[in-house]
Structures are given as C-alpha cells and as structure tokens.
**Student:** 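First the structure, which I've put down as structure tokens, then a few questions once you've had a look.
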Amino acid sequence: MKILVCISNVPDTTTKITFTDNNTQFNTNGVQFILNPYDEIALARAIELTDGGNGSVTVINVGEVNTEPTIRKALAIGATDAVRINAKPHDAWFVAFQVSQYIKANKFDLILTGRESIDYNGSKVAGMLGELLDLPSVSIIKKLEIAGGNATVEREIEGGKEVLTIPLPFVAGCAEGVAEPKIPNMRGIMSARTKSLSVIEPVEVKTFSDVISYETPAPRGQVKLVSADDPAKLVELLHTEARVI
Ligand SMILES: Cc1cc2nc3c(=O)[nH]c(=O)nc-3n(C[C@H](O)[C@H](O)[C@H](O)COP(=O)(O)OP(=O)(O)OC[C@H]3O[C@@H](n4cnc5c(N)ncnc54)[C@H](O)[C@@H]3O)c2cc1C
C-alpha cells in the first residue's frame with residue numbers, strides 16, 4: 001500500500017506571535033518550527049499500516065527550504081521518502097492544489113492529512129484535496145483500519161460516534177486516537193539523512209485570498225488574589241470590577 005502523508009511546518013506552541021509589514025506577515029524571526037502535531041499522528045498511523053514491508057509512506061510538504069528540518073524529522077520517525085514542493089504556502093487552496101497535482105502524477109492508495117494545522121487552523125486542505133482529486137474525503141477521524149481495499153474509520157460526533165466504510169483511495173484528516181505519535185530513535189535519525197527528499201517546483205495556480213491584517217487577542221487583565229478569609233471582598237470585586245454579578 002502506498003500512503004501519502006501531507007505535513008505542515010508550524011510554529012512551536014510556545015511561540016510568542018508577532019507580525020511585521022503593517023500586521024500582514026507573521027514574524028518568523030527566532031521562531032522554532034515543528035512538525036504539525038496532527039500530522040505526526042497521521043504519519044504514525046501510516047507507518048503502522050505499512051509495517052513489515054507492507055508498502056511505503058511518502059511525506060509531502062509545500063514550503064521553502066527552511067521546512068527541510070521538519071521534513072527530515074518525518075523521515076527520522078519512519079517515512080520512506082519525502083517530497084517538498086518548493087513554494088511559500090500562500091493559503092490552503094494553494095497547498096491543496098500543489099499537492100493534488102503531485103498525487104495526479106503519482107498514484108497513492110491513501111492520502112492522510114492532519115485534522116488542521118495548528119497555526120492557521122483552517123481544516124481545509126483535506127476537503128479541498130478530495131474535491132480536486134474527485135475522491136472521498138473524511139474529516140477529523142479518530143480511528144482508521146484497512147482491510148481488503150476498504151477502510152473503516154471512526155468519527156466523533158456530538159454525543160456519540162460515527163463509523164464509516166470507504167473504498168480506497170480516499171483522503172482523511174487525522175485527529176487524536178488514530179495513533180500515538182512516534183519518537184524518532186537514533187537509527188531513524190541516522191537513516192533520515194540519506195533518505196530521498198525530492199524537491200519539485202510548484203505549478204502555476206491562481207490564488208483567491210490575501211491577508212489584509214492579523215491581530216493578536218487583547219492582553220488578559222492582571223490576576224487579583226483575594227484572601228479566603230475575605231469573601232465579602234471577592235463579592236465586591238466581582239460586582240464593581242469584573243461586573244459579573
Ligand atoms: C511562510 C508562510 C507564509 C504563509 N502565508 C500565508 C498567507 O499569506 N495567507 C494565508 O492564508 N496563509 C498563509 N500561510 C499559511 C499556509 O498557507 C497554511 O499552511 C495553509 O494555508 C494551510 O492552512 P490551513 O490552516 O487551512 O491548513 P489545514 O487545512 O488546517 O491543514 C490540514 C492539513 O493539511 C496539511 N497541510 C497544511 N499545510 C500544508 C503544507 N504547507 N504542506 C503540506 N501539507 C499541508 C497538513 O496535513 C495539515 O494537518 C503561510 C504559511 C507559511 C509557513
């Protein structure tokens with residue numbers, strides 16, 4: 001089985017977010033980038049499904065050369081090979097279109113993404129890929145089993161669970177529960193250096209969105225500590241300052 005896992009290079013969750021160019025560009029200065037955590041889950045399941053020589057796992061990223069450490073990490077975790085489409089990922093449409101062109105030229109049995117990227121949180125790429133490739137696309141899956149050319153997936157729904165069966169190939173956005181993320185071992189780290197990472201140029205595509213500006217949330221107010229012996233003070237503050245009672 002040939003599996004493609006789409007991977008996104010995202011800022012570490014502890015990053016202090018700032019913007020440049022009149023609040024239109026994310027300031028990447030000093031930012032530590034990581035493999036999107038949901039993509040780690042997708043990758044771990046792909047590795048499990050192809051365990052024991054039962055296929056291959058290719059990871060693909062749309063990004064510039066600075067994403068290569070993240071791609072190498074995916075190779076160290078256990079991907080067979082990697083592809084980087086050499087372009088700044090302008091938006092979800094741009095990413096999905098580039099990846100879809102690669103898939104059209106290189107057939108896969110299963111295409112996995114994360115449920116969302118933890119930076120722009122669009123949850124769009126998997127759905128767009130399905131449409132562009134005319135394939136079924138299932139979002140936010142929590143379990144994935146494959147048997148005899150069909151997949152069984154579980155999705156969480158309000159107050160319950162949905163179980164679906166889907167013929168291969170299809171696209172799925174993976175969430176917690178699909179697999180436990182894998183930590184690269186020393187052998188993986190060493191072999192990642194020599195695994196194939198092909199760089200291909202993007203195709204021309206019309207983009208439809210441009211960012212007008214970004215804004216960070218207003219800073220939170222300071223915390224006031226009230227002595228446990230003084231409930232009247234707490235009531236007064238809730239009334240006069242927080243104005244919630
Ligand atoms: C340097 C830089 C500049 C950017 N500039 C802009 C901008 O100007 N405007 C804007 O809207 N966005 C911008 N982005 C965000 C970028 O376009 C997003 O990564 C992409 O749009 C997907 O966003 P999403 O939140 O919709 O992804 P989602 O749909 O939430 O992602 C779901 C899954 O899709 C896959 N995926 C996402 N991104 C990639 C990728 N790059 N390569 C391969 N697979 C991927 C992953 O599996 C991910 O888990 C920028 C990102 C970077 C790194």
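Basis for what follows: all heavy atoms, side chains included, without hydrogens, waters or symmetry-related copies. Every number for a ligand or one of its atoms is a count from 1 in the order of the listing.
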**Student:** Take atom CD in Glu201; do more than 12 heavy atoms of anything else shown fall under 6.0 Å from it?
**Tutor:** yes
**Student:** Answer with side chain, backbone, both or neither: which part of Asn121 has a heavy atom less than 4.0 angstrom from an atom of ligand 1?
**Tutor:** backbone
**Student:** Can you pull out the closest protein heavy atom to atom 7 (C) of ligand 1? Residue, atom name and distance to 0.1 Å, please.
**Tutor:** His90 O, 3.0 Å
**Student:** How close does the nearest protein non-hydrogen atom get to atom 39 (C) of ligand 1, and which residue and atom is it?
**Tutor:** Val95 CG1, 3.5 Å
**Student:** Does Ile60 reach ligand 1 with a nitrogen or oxygen that is under 3.5 Å from one of the ligand's nitrogen or oxygen atoms?
**Tutor:** no
**Student:** Around atom CD of Glu236, are there more than 12 heavy atoms of other residues, nucleotides or ligands at under 6.0 Å?
**Tutor:** yes
**Student:** Check each heavy atom of Lys88 against ligand 1 and say whether those closer than 4.0 Å belong to the side chain, the backbone, both or neither.
**Tutor:** side chain
**Student:** For atom 42 (N) of ligand 1, grab the closest protein heavy atom and report residue, atom and distance to one decimal in Å.
**Tutor:** Val62 N, 2.9 Å
**Student:** How far is atom 28 (P) of ligand 1 from the closest protein heavy atom, and which atom is that?
**Tutor:** Ser123 N, 3.4 Å
**Student:** Give yes if a backbone or side-chain nitrogen or oxygen of Ser209 is under 3.5 Å from a nitrogen or oxygen of ligand 1, and no if not.
**Tutor:** no
**Student:** Can you tell which part of Val125 has a heavy atom less than 4.0 Å from ligand 1: side chain, backbone, both or neither?
**Tutor:** both
**Student:** Using heavy-atom distances only, which candidate in Val5, Val83, Leu43, Asp39 approaches atom 49 (O) of ligand 1 most closely?
**Tutor:** Asp39
**Student:** Is Asp230 atom CG crowded by more than 12 heavy atoms from other residues, nucleotides or ligands, each under 6.0 Å away?
**Tutor:** yes
**Student:** Could you work out, for atom 22 (C) of ligand 1, the closest of Pro37, Ala92, Gly63 by heavy-atom distance?
**Tutor:** Ala92
**Student:** Would you say Leu238 and Leu234 make side-chain contact, with heavy atoms under 4.5 Å?
**Tutor:** yes
**Student:** Just by distance, no angles: are the side chains of Thr70 and Asn9 close enough, under 3.5 Å, to form a donor-acceptor pair?
**Tutor:** yes
**Student:** Out of Gly173, Ser139, Gly122, who is nearest to atom 26 (O) of ligand 1 when you count heavy atoms only?
**Tutor:** Gly122
**Student:** Is the shortest side-chain heavy-atom distance between Phe170 and Val153 below 4.5 Å?
**Tutor:** yes
**Student:** Around atom 16 (C) of ligand 1, find the nearest protein heavy atom and jot down its residue, atom name and distance.
**Tutor:** Pro89 O, 3.2 Å
**Student:** Is there any N or O on Thr113 that sits under 3.5 Å from an N or O of ligand 1?
**Tutor:** no
**Student:** Can you tell if the side chain of Leu144 reaches within under 4.5 Å of the side chain of Leu110, non-hydrogen atoms only?
**Tutor:** yes
**Student:** Find all atoms of ligand 1 within a distance of less than 4.0 Å from any non-hydrogen atom belonging to Asn36, and give their numbers and elements.
**Tutor:** 48 (C), 49 (O)
**Student:** Could you tell me, atom by atom, which parts of ligand 1 come under 4.0 Å of a heavy atom of Cys6?
**Tutor:** 35 (C), 44 (N), 46 (C), 47 (O)
**Student:** For atom 36 (N) of ligand 1, find the nearest protein heavy atom and state the residue, atom name and distance (0.1 Å precision).
**Tutor:** Ser8 CB, 4.0 Å
**Student:** Classify the side-chain pair Asp119/Ser117 by whether it contains a donor and acceptor separated by less than 3.5 Å.
**Tutor:** yes
**Student:** Using a 6.0 Å cut-off, check whether atom CD of Glu156 has over 12 heavy atoms from anything other than its own residue.
**Tutor:** no
**Student:** In sequence, state the C-alpha distance, the side-chain angles, and the governing distance for Val226 and Leu237, and then conclude on side-chain contact (heavy atoms from CB on, under 4.5 Å).
**Tutor:** CA-CA 9 Å; Val226 180; Leu237 288 174; 3.7 Å; yes
**Student:** Considering only protein heavy atoms, which is closest to atom 18 (C) of ligand 1, and at what distance to one decimal place?
**Tutor:** Tyr120 CD1, 4.2 Å
**Student:** Scan side-chain atoms only and decide if Thr18 and Asn27 contain a donor-acceptor pair under the 3.5 Å cut-off.
**Tutor:** yes
**Student:** By number and element, which atoms of ligand 1 are closer than 4.0 Å to a non-hydrogen atom of Ile7?
**Tutor:** 40 (C), 42 (N), 43 (C), 44 (N), 45 (C)
**Student:** Could you check atom 23 (O) of ligand 1 against the protein and tell me its nearest heavy-atom contact, residue, atom and distance included?
**Tutor:** Ser117 OG, 3.9 Å
**Student:** For the side chain to side chain contact (heavy atoms under 4.5 Å, CB included) test, which of Val65, Ile60, Ile200 pairs with Arg84?
**Tutor:** Val65
**Student:** Could you check if a side-chain atom of Leu43 sits within less than 4.5 angstrom of a side-chain atom of Ile7, using non-hydrogen atoms only?
**Tutor:** no
**Student:** What are the atoms of ligand 1, with element, lying closer than 4.0 Å to any heavy atom of Asp91?
**Tutor:** 11 (O), 17 (O), 20 (C), 21 (O)
**Student:** Side chain or backbone of Thr28 under 4.0 Å from ligand 1, or both, or neither, by non-hydrogen atoms?
**Tutor:** neither
